[in-house]
Every structure is written in structure tokens, then in C-alpha cells.
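No experiment lies behind these values; they were computed from the predicted model shown.
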Amino acid sequence: MNSLFELIDFDDIETKKPEADKSAPGENHSADEIAIIGAAVKLPRADNLRELWNNLLFGISACSDFPDQRYRDIENWFKCRNIRLTPQMFKKGNYLTDIDKFDYDFFGLSADDANMMDPLHRLLLETFWNCLEDGGYCMQKVSGTCTGIYVGFNNDDIERYSRMLQEKRVRFTMATMENNLSSILASRLSYLLNLKGPAMLIDTACSSSLCALHIACQGLKNEDCEMALVGGINIGMVPIKYEGFRVESESDTLSPFDDSADGTVVGEGVVSLLLKPLRYAVRDRDHVYAVIISSAINQDGMSVGISAPNAVAQRNVMVNAWEKAGINPEEISYMEAHGTGTKLGDVIEMEGIRQAFERYTDRKQFCGIGSVKANIGHIEGASGLAGVVKLMLSLQNRVIPKTIAFNRPNHSIAFEDSPVFLVDRLTPWESTGGRRTCGISSFGLSGTNCHAVLREFSKDAPVSPEPAESAPYLLAVSAKSAYSFQQLLRAYAELLVENPAIDLESMCYTAGYGRDHHRYRAAFVFTQKRELLDALKSAWNGDAARFDTNGLLRSEEKEALDREADRLVLDASQKRGGECHQSYLDISRLYCRGAAVNWKLLYKNRAVKTLSLPVYPFERHRCWI
């Protein structure tokens, strides 16, 4: 197979000027506006945001047979219970294929500890870490801060990993218990990174993760925390078909609002978002995907049945969120629906939406509607955050992906007489004069409903000066293992090829100040993008200088390197343009020998911002009982 570098036509790479940062630190923003500044996903057929977005653009369904490896892993377990499994017992669904993989070395854990850890803990830990990095925050920057963690998790699966351990007669210790307790899901990263904000688990069934988002926003507004990580996770360890479960699709197709819809389809996944008050995100030049301008939560109360949806409660939660946002509902041009593809649920949801809009307007078919569940299935407690990620990517790209598996409208829904229309084709997201605004609903089997309103990030501000043409750049890349180091080099090369107008100085700033620095290191001093791509190719072939001494520098050696790096950084921070070149070369040599570099000082008074860059590529070690 050809390597990435053999496939790159370097002569075809455009050399566009980077777009200037238009967000002004002094711009006024409401204290209630919350910025989404980082995101990470692990979803069926989508291990990252780019893969998810491509699947949405091309209308790809992730539905498949139950993974072979997991089937083999649980087959022997069921034999111990005198139950003989057959492939026919497992329904089709949107499954994760490698829940048995985990980079325990990265997190300082032993293989034995990792084997005893519920896959929920492993996958959420890695996704949270990647989310922090995507937002430009590393361990050094967040340790000791008042960062909160809010996890939405539907804790109803009786076939948990802990049960497998017990039935295999594994000796339970305190560590084993901690590695399998649901309550530790939210606080594990707090312990690892010394985070001081609230850490809590929210379980409202299907609406869990959107409710977690709402509670996190309240925590930020109330100053319970300075930043907040919000997560949602769902893994059906043993998703066996259950007779009489009436909401599951017999056709194995989740078709929201379609006349052929016959139920929902199981889905799995992990989603995480990093939140921060918008006024502080702008001040700190964070990368902003989208802005949460309001959210609301309520309960069905007494209705037809405790698990039956309630159109009036759904209407009320939307109206509450809109009034909190202070918007005219006619500004909302797209709605990400709960959309489970059930005959009853879809019709009731549409009735709630109709009632909500008709309190304010008699316009028809002005707001698009769709559901990401058609692509990834119903990932239960994590489904709300998956919808938020779809919204923020759509806002950023100004395109609304189509809702797949839609052929003919549900005959019980009068779309032509409704404020909404089903987005059944890839649609440019046109602006109606203001910023693009959208909503998302998530309704729980528990009767707890949540709605949030999002808006695209405004970038109306003065243009920052561009760096001089001959100015050098310094990119640092590091990892804990040779495998991850090689994967990062590849990811940076792909980033440059796919983003010809990338702001190189901001990229280097984010890679230096927004990442932790590990044993394997390379530093690249360059003036043009093609020069960097050539250097990455050389590093890929093993020609880069690396710090690879297992971190066993003597303390006096390390202190001397750090002092010299500090001197060079101070010197370089006071220079401009080509004057920095030799200082950057000297800093890069010290960095590759293990010196700590003060990246913040290096970019002092520079017009830089945080970018979304490649996150840490974890190694895939098998961890199973």
C-alpha cells in the first residue's frame, strides 16, 4: 500500500493566505451564551469528527451485523450460564467494533487493571482526553482548574462487564469495583487531571446527555465551574433480541418520519463536548464550533403512561428554551429532532413542534427537520449529544445533511400544513439575514424532556495582521509511543493537505501550548507549508530528531536544558520575522533533547488563536477478561 506521502502531489498544493481571525477579544457577549470549544466522538464507522461528517454528507448508514470479535468474547461467558448463543439471537445495529481496545500505558495503568475495567470507562476516558485536546487544553493547562464533568448515561443494561467478571469468578478488589462503578465514569478524569469542578452522572434515559449539557450550562452560568466537559456513552454489551419489545424495527432500518417507519434500531457510541462561557472563549482566542444560547428541561408529569411521549410537555420545553433565548422562533431554520422512527413517537413529536411554532407564527414549511439517528441508530443516553455534534458541524460548514431512509412522509403527519419540512437532500444552509439558528430536542423514556438552541459563532471584528512572508514557524509533535508518534506525523500531513488556507502560526501555537509533550519528539522549523510537508515526510521515514531516552534525564541535565530553553524563548519572543530563525532552530534542538518550552511566552503578543488540530492517536491494546 502506498504511503500518504507517495500519494501527495506537492505541486498541486495551494498556497492560499490564511483567513484572518475575525473574532475580537473585546466583543460583547451575553453572560448566558456558552461556547462549544472542543469535541470528540467514537461512533460506528466514525472514530472522529471528520469521519462522522463525511458519513453525514454522503448519507451513510452505520448499521451492520453484530461484531464477530465481541460475539466470540461473550460466547464462552454465556456457556458458563448454560446458554448457547447463535448469531441469529443478535439484532442488527450500529455497533462499535473495538470496545476491547484501550491504551492503558498512556494513562499509567497496568494491563491487569485495564482488563478489569468496564469498556465504558476506557472509551469515555479516551474520548474526554481527545475532546480536551481538540479544544487546545492539555494536562498542564487544566490541572487544578475548576473544570466540571457531566456524563449522560442510561444505566439500565443488566449485562454489564462487571457481571461478566463476577460470573467468571474474578476476585473482586476495591480497584476492580472502582473500575466498574457507573458513578466513577464522571470522576475518573477528575482524579487523573486533578480537576476541581463538579463531576456527576445524569440518567434520564434517552435524554440523558442533552440533560447533562443543560446542567453543565447551568453550572457555567452559576460559576460552579470555569469549563465543563459533557459526555454521553452507550454500549449494549449483549444486545440480544427481546420478544415483545415493541419499539424495535423489524426491518432493521431507522426511518424518522417516514411512512414505512416501524421502530428504532440500536446504536452505540461515545460523544464529548468541551464548554466555556462565550465571553471567556473569545477572550482566550479559543476555537468555537457553535454557541449554545439557551436550553430548557421539563417533565411529562401525569400523562397516558409513564413511558409514553407527551406532545404538550414537548411543546412547552421548546417554548421555554426559545423564550429564554429571547429569539423570534421564525429565526430557527433547522431542528434536529429526537426522531426515533417509531409510529407513535414521531407523530407526537411533530404535533409538539407544530403547537410550539404556531404560538408565534402561521408560516408554513420554513424550518428544516431531520435526525442523525437514521445514520447511527438510537444511542440512547448519548443520542442528544450526537445530535448537537451534527448541528455544530452543519453550522460550521453551512450545509444540512439529508436524513437518510426517508422515501414517503408518514401519512399521519401533515408536513404541507406544518411549520417544518423534512430535509431529504443535502441542503446549503442559507442565512436569512442574521446568524444561522437551530434547535435540538431529546425526550426521555423517563418523561424528562430537554431542548437546546444553538447559533453559529459570530466573527464580525477587525482583521488581525498577517505574519511576515519570511517569518519562520516552529511546530512541535510528540507522543508516548513510536506508533502514536508516526500516526501524529501522518495526521499533521493530512491536515495540511486538506486545509490549504490553514493559519500556520496558530497551528504551531496550538500544537505547542495546547498539547502535552512526551517521550517521542520532533520539532520542525519552516517558512512555507511545502517545506513542512517535506520535513514531515523525512520524519515519517525516521530522519527526525527525537527525544527517546525513556525520560531518564538526570535532574541537573533537565534543569540546565530548561534554563537554556527559557533564555532562548525570551530572546525569540522579542524578535520578529526572519530574526527568529536561529532561535527557533536552537529551541527545537533543546526540545528534542527533552527541554520544557514556555510556549505561552513564545507567542506573547502574537495574533494567534487555538485551532482544531489532530488529537492523540491512542494505541489499540486488547483488554479483556
Side-chain angles (χ1 to χ4, degrees), residues 34 36 39-43 52 56 94 124 127 131 149-156 185-186 200-218 228-235 254 256 264 266-275 289-290 292-300 309 313-314 317-318 320-321 334-342 345-346 349 352-353 369-395 403 438-454:
I34 305 297
I36 302 173
V41 301
K42 186 171 182 60
L43 293 165
L52 173 62
L56 295 176
N94 301 265
L124 191 62
T127 307
C131 182
I149 298 183
Y150 304 80
V151 177
F153 173 54
N154 187 17
N155 189 20
D156 290 326
L185 277 169
M200 63 181 71
L201 201 68
I202 293 94
D203 184 358
T204 59
C206 316
S207 58
S208 297
S209 64
L210 199 64
C211 289
L213 182 84
H214 168 78
I215 295 169
C217 290
Q218 298 306 307
L229 273 166
V230 185
I233 185 166
N234 182 61
I235 300 173
L254 201 162
T264 191
V266 67
E268 298 181 332
V270 196
V271 187
S272 178
L273 299 175
L274 181 61
L275 309 182
Y289 282 107
I292 303 165
I293 58 175
S294 75
S295 60
I297 193 170
N298 75 0
Q299 234 286 334
D300 289 347
Q314 293 179 16
V317 78
M318 285 183 270
N320 191 1
Y334 179 72
M335 185 88 74
E336 178 66 15
H338 188 58
T340 56
T342 57
D346 285 0
E349 180 171 9
I353 291 171
I369 193 170
S371 175
V372 72
K373 291 181 179 68
N375 300 87
I376 63 172
H378 188 2
I379 56 175
E380 299 189 14
S383 60
L385 282 193
V388 173
V389 170
K390 175 186 171 182
L391 285 183
M392 75 180 202
L393 294 176
S394 299
L395 285 169
T403 293
C438 52
I440 178 170
S441 295
S442 195
F443 309 129
L445 193 70
S446 65
T448 299
N449 310 304
C450 190
H451 186 82
V453 182
L454 278 71

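I297 CD1 to I215 CD1: the interatomic distance, rounded to the nearest 0.5 Å, is 5.5 Å. Note that CG of L52 and CG of L393 are 6.0 Å apart. Values are rounded to the nearest 0.5 Å. Rounding to the nearest 0.5 angstrom, the gap separating the CD atom in Q299 from the CG atom in N449 is 7.0 Å. Taking CG from N94 and CG from L254, the interatomic distance works out to 8.0 Å, rounded to the nearest 0.5 Å. We find the CG-CD1 distance between N155 and I233 to be 11.5 Å, quoted to the nearest 0.5 Å.
At distances below 3.5 Å, at least one donor-acceptor pair connects side-chain atoms of D346 with backbone N or O atoms of G341. Formation of a donor-acceptor pair under 3.5 Å by the H378 side chain with backbone atoms of V266 is not found in this model.
T342 pairs by the side chain to side chain donor-acceptor pair (under 3.5 Å) definition with T340, not counting sequence neighbours. For F153, the ring-ring contact (aromatic ring centres under 6.0 Å, His included) criterion is met by no residue, not counting sequence neighbours. Qualifying salt bridge (Lys or Arg N to Asp or Glu O under 4.0 Å) partners for K390, counting only residues two or more places apart in sequence or in other chains: E336. For Y150, the ring-ring contact (aromatic ring centres under 6.0 Å, His included) test picks out no residue, with sequence neighbours left out. Residues meeting the side chain to side chain contact (heavy atoms under 4.5 Å, CB included) test with C438, sequence neighbours left out: Y334, L391, L395, W429, L454. Under the rule for a side chain to side chain donor-acceptor pair (under 3.5 Å), N375 has no partner lying at least two apart in sequence or in another chain. Under the salt bridge (Lys or Arg N to Asp or Glu O under 4.0 Å) criterion, E268 pairs with R70, not counting sequence neighbours. Shown here are the side chain to side chain donor-acceptor pair (under 3.5 Å) partners of S294, two or more places apart in sequence or in another chain: there are none. Under the side chain to side chain contact (heavy atoms under 4.5 Å, CB included) criterion, A186 pairs with I149, V151, A199, sequence neighbours left out.
Pairing each heavy atom of A382 with each of G232, the nearest pair is CB-C, 3.4 Å. Here the closest non-hydrogen pair linking G384 and S442 is CA-OG, 4.0 Å. Closest non-hydrogen pair, T127 versus S272, comes out as CG2-CB, 3.9 Å. A321 approaches H451 most closely through the heavy-atom pair CB-CD2, 3.7 Å. Annotation for S371 and G339: closest pair OG-O, 3.2 Å, computed over non-hydrogen atoms. Across every non-hydrogen atom of T403 and A374, the tightest pair is CG2-CB, 4.2 Å.
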Legend entry - Derivation of the side-chain contact (heavy atoms from CB on, under 4.5 Å) call for H338 and K373: CA-CA 8 Å; H338 188 58; K373 291 181 179 68; 3.7 Å; yes
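No side-chain heavy atom of N298 sits less than 4.5 Å from a side-chain heavy atom of N320. Side-chain contact between L56 and V372 is present, with at least one heavy-atom pair separated by less than 4.5 Å. Under the 4.5 Å side-chain criterion, counting only non-hydrogen atoms from C-beta, E349 is in contact with S441. Side-chain contact check for N154 versus C206: every heavy-atom pair is 4.5 Å or farther apart.
Residue pairs meeting the side chain to side chain donor-acceptor pair (under 3.5 Å) criterion with at least one partner in residues 203-216, sequence neighbours excluded, are T204-S207, H214-S295.
With respect to I36, the side chain to side chain contact (heavy atoms under 4.5 Å, CB included) criterion is satisfied by exactly one of L274, L213, L275, V230: L275.
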